[in-house]
Amino acid sequence: MRLRLNAPSDAWEMSDIHPLLASLLADLARSASCHEDARARLYPEPVGESDGNEDLRADWREHVEPELERFFASSREIVSGDLAALGRHGGARLVIPRRNLDAWLNVLNQARLIIAEQNRFQDTDLDHRRAPDLTTRRGMDLLRMHFYAHLQEMLVEAGTEPA
């Protein structure tokens, strides 16, 4: 898989995407939308329960959480729109407009947090030195997490390049 900036269109083009990775990409927005399994990770309380700040927690739930939900949903919509064209440009190719990089980073992070929570992954599970067992759903989810992390890293680096 290659990532390069197409200067005339101000978009990042991902090409030579292996079919397995293309399927993981196609599943990204769905993976990031399963919030109930990871609600505590995505919407952490602003203070601990023992702090006695129920007013602050209530304000957080009333004002901040709904905005976060809208922001997350908006990011997923942007990414879904970009993914709708996956492969349409001739072969396994994806175009990500530079203006959409933040949405991609947000959705990749949502998906990774949700997958980690659904599988109850520990630090030892996330060790890159051992290959995941791809014969199990848990192993495939671990591969998905590693791929999303790698893509996140590539896009962070891409976002720091001058326009």
Report task. Check the pair Asp82, Trp104 against side-chain hydrogen bond (donor to acceptor under 3.5 Å, both in side chains), reporting the backbone distance first and the verdict last. Result -> CA-CA 9 Å; Asp82 291 344; Trp104 273 84; 2.8 Å; yes

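Of the residues listed (Ile115, Asn109, Leu25, Val107), the one engaging Tyr148 in a side chain to side chain contact (heavy atoms under 4.5 Å, CB included) is Ile115, and it is the only one.
Looking at Asp125, its side chain does come within 3.5 Å of a backbone N or O of Gln122 through a donor-acceptor pair.
Leu113 shares a hydrophobic cluster with Leu42, Tyr43, Trp60, Val64, Leu68, Phe71, Phe72, Ile114; the chain of contacts runs through ILVMFWY side chains whose heavy atoms sit under 4.5 Å apart.
Ala32 and Gln110 get closest at one heavy-atom pair: O-OE1, 3.3 Å. Residues Arg76 and Ser33 approach most closely at NE-CB, 3.8 Å, considering heavy atoms. Listed here is the closest heavy atom pair of Ser31 and Arg144: OG-NH1, 3.5 Å. The nearest pair of heavy atoms linking Pro97 to Ala11 is CA-CB, 3.8 Å.
Asp141 contributes atom CG, which lies 5.5 Å from atom CZ of Phe121 (distance to the nearest 0.5 angstrom). Interatomic distance, CD1 of Ile17 versus CE of Met14, reported as 5.5 Å (0.5 Å rounding).
Salt bridge present: Arg61 and Glu54 bring a charged side-chain N and a carboxylate O closer than 4.0 Å. Comment: Asp16 does not engage Arg93 in a salt bridge, judged by the lack of any side-chain N to carboxylate O separation of less than 4.0 angstrom. Salt-bridge formation is not detected for the pair Glu62/Arg57: no Lys NZ or Arg NE/NH1/NH2 atom is positioned less than 4.0 Å from an Asp or Glu carboxylate oxygen.
With a 6.0 Å radius and a threshold of 12 heavy atoms from other residues, nucleotides or ligands, Asp27 has its CG atom above the threshold.
Taking 4.5 Å as the limit, every side-chain heavy atom of Met140 sits out of range of all side-chain heavy atoms of Asp133. You'll find the side chain of Glu13 stays beyond 4.5 Å of the side chain of Arg2, heavy atoms only. With a 4.5 Å cut-off on side-chain heavy atoms, Arg70 and Glu67 count as touching. Looking at Leu142 and Leu134, their side chains never come closer than 4.5 Å, going by heavy atoms from C-beta outward.
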